[in-house]
Amino acid sequence: MSVSVSGFYIALTAIMAVFFTYRVVRLRRGLKIGLGSGGSDDLRLANRVHANLIENAPIALLLLLVAELNGLAPVYLHGAGTLWLVARILHAIGLTQGRGGYHFGRFWGVLLSWLVILALAVVNLFYFILA
């Protein structure tokens, strides 16, 4: 069975992770900070944007992959995958622009990320019950 839909969203998330990593590396080099944030709010925020993606991506993408293996229709897989990517972009923008405080993008990015994770968890539980 092909898992091309999940593969697509995993690949796009990987590209996003590399982009967020690049932001951290660029700031580290410019500020000459090897470890930690060195008191730089910009570096601290870039680190958190990257770390938050890395903390949430494995479970979301694994749930997406298992849902595809279980036979979830591509339209729903694409809906979850698209919402996931939009949520992560919103979170990154919101955390950065909000400087760590409240921001529309941060709020909705987190909420939508959790919604995708919970929805895919329920879908996979449903497939388990049907099996």
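Position 1 is the first residue of the sequence; numbering continues from there. Computed from a predicted structure; not experimentally measured.
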- Task: Working to the nearest 0.5 Å, report the span between CD1 of Ile54 and CG of Asn47.
- Result: 11.5 Å
- Item | Separation between CG of Leu120 and CG of Leu64, rounded to the nearest 0.5 Å | 5.5 Å
- Message: If hydrophobic clusters are built from ILVMFWY residues whose side chains come within less than 4.5 Å, do Val110 and Ile117 share one?
- Response: no
- Should Phe107 and Leu112 be counted in the same cluster of Ile, Leu, Val, Met, Phe, Trp and Tyr side chains packed under 4.5 Å apart? yes
- Task: Apply the test side chain to side chain contact (heavy atoms under 4.5 Å, CB included) to residues Leu65 and Leu61: give CA-CA distance (whole Å), side-chain angles for both, the deciding distance (0.1 Å), then the verdict.
- Result: CA-CA 6 Å; Leu65 177 64; Leu61 297 173; over 6 Å; no
- Note on the structure: Residue pairs meeting side chain to side chain donor-acceptor pair (under 3.5 Å), one or both in residues 53-64, sequence neighbours left out, come to Arg48-Glu55, Asn52-Asn56
- Message: Give me each pair satisfying side chain to side chain donor-acceptor pair (under 3.5 Å) with a member in residues 105-117, each pair once, sequence neighbours excluded.
- Response: Arg88-Ser113
- Item | Heavy-atom side-chain contact between Leu115 and Leu111 under 4.5 Å | no
- Mind checking whether Val123 and Tyr76 sit in one hydrophobic cluster, side chains of I, L, V, M, F, W, Y counted as touching below 4.5 Å? yes
- Item | CZ (Phe128) with more than 12 external heavy atoms under 6.0 Å | no
- Task: Just grab all the salt bridge (Lys or Arg N to Asp or Glu O under 4.0 Å) pairs involving residues 109-131, residues at least two apart or on different chains.
- Result: none
- Item | salt bridge (Lys or Arg N to Asp or Glu O under 4.0 Å): pairs with one or both residues in residues 112-131, sequence neighbours excluded | none
With a cut-off of 3.5 Å and sequence neighbours excluded, list every side-chain donor-acceptor pair involving residues 80-87.
| residue | atom | partner | partner atom | Å |
| --- | --- | --- | --- | --- |
| Thr82 | OG1 | Tyr9 | OH | 3.2 |
| Thr82 | OG1 | His78 | O | 2.8 |
| Trp84 | NE1 | Thr13 | OG1 | 3.1 |

- Query: So, do Ile93 and Ile89 sit near enough that their side-chain heavy atoms are less than 4.5 Å apart?
  - Reply: yes
- Item | Check: Val122 and Leu118 side chains under 4.5 Å, non-hydrogen atoms | no
- Starting from Leu43, walk the hydrophobic network (Ile, Leu, Val, Met, Phe, Trp, Tyr; side-chain heavy atoms closer than 4.5 Å) and list everyone else you reach, by chain and number. Val24, Leu27, Leu31, Ile33
- Query: Under a single-linkage definition using a 4.5 Å side-chain heavy-atom cutoff for Ile, Leu, Val, Met, Phe, Trp and Tyr, are Val75 and Tyr127 assigned to the same hydrophobic cluster?
  - Reply: yes
- Query: Which value, rounded to the nearest 0.5 Å, describes the distance between His91 atom NE2 and Thr96 atom OG1?
  - Reply: 9.0 Å
- Among pairs that include at least one residue of residues 58-74, which meet side chain to side chain donor-acceptor pair (under 3.5 Å), considering only residues two or more places apart or in two chains? Ser6-Glu68, Asn70-Asn124
- Residues at least two apart in sequence or cross-chain that pass salt bridge (charged side-chain N to carboxylate O under 4.0 Å, His left out) with Arg23, listed by chain then number, are none
- Do you know the tightest heavy-atom contact between Gly100 and Leu45? N-CD2, 3.6 Å
- Task: Look up atom CG in Leu90 and atom CG in Leu95, then write down how far apart they are to the nearest 0.5 Å.
- Result: 12.0 Å
- Query: Does anything in residues 30-41 pair up under salt bridge (Lys or Arg N to Asp or Glu O under 4.0 Å), and if so which pairs, sequence neighbours excluded?
  - Reply: Asp41-Arg44
- Apart from Phe126 itself, residues in the same hydrophobic cluster as defined by side-chain heavy atoms under 4.5 Å: Leu130
- Query: Which atom names give the shortest non-hydrogen contact between Leu53 and Pro58, and what distance separates them?
  - Reply: O-CD, 4.4 Å
- Message: When you group the ILVMFWY residues by side-chain heavy-atom contacts below 4.5 Å and let the links chain together, are Val25 and Phe19 in the same group?
- Response: no
- Sequence neighbours left out, what passes side chain to side chain donor-acceptor pair (under 3.5 Å) with Arg28? Give chain and number order. none
- Note on the structure: Taken in chain and number order and not counting sequence neighbours, the residues that satisfy side chain to side chain donor-acceptor pair (under 3.5 Å) with Arg99 are Asp42
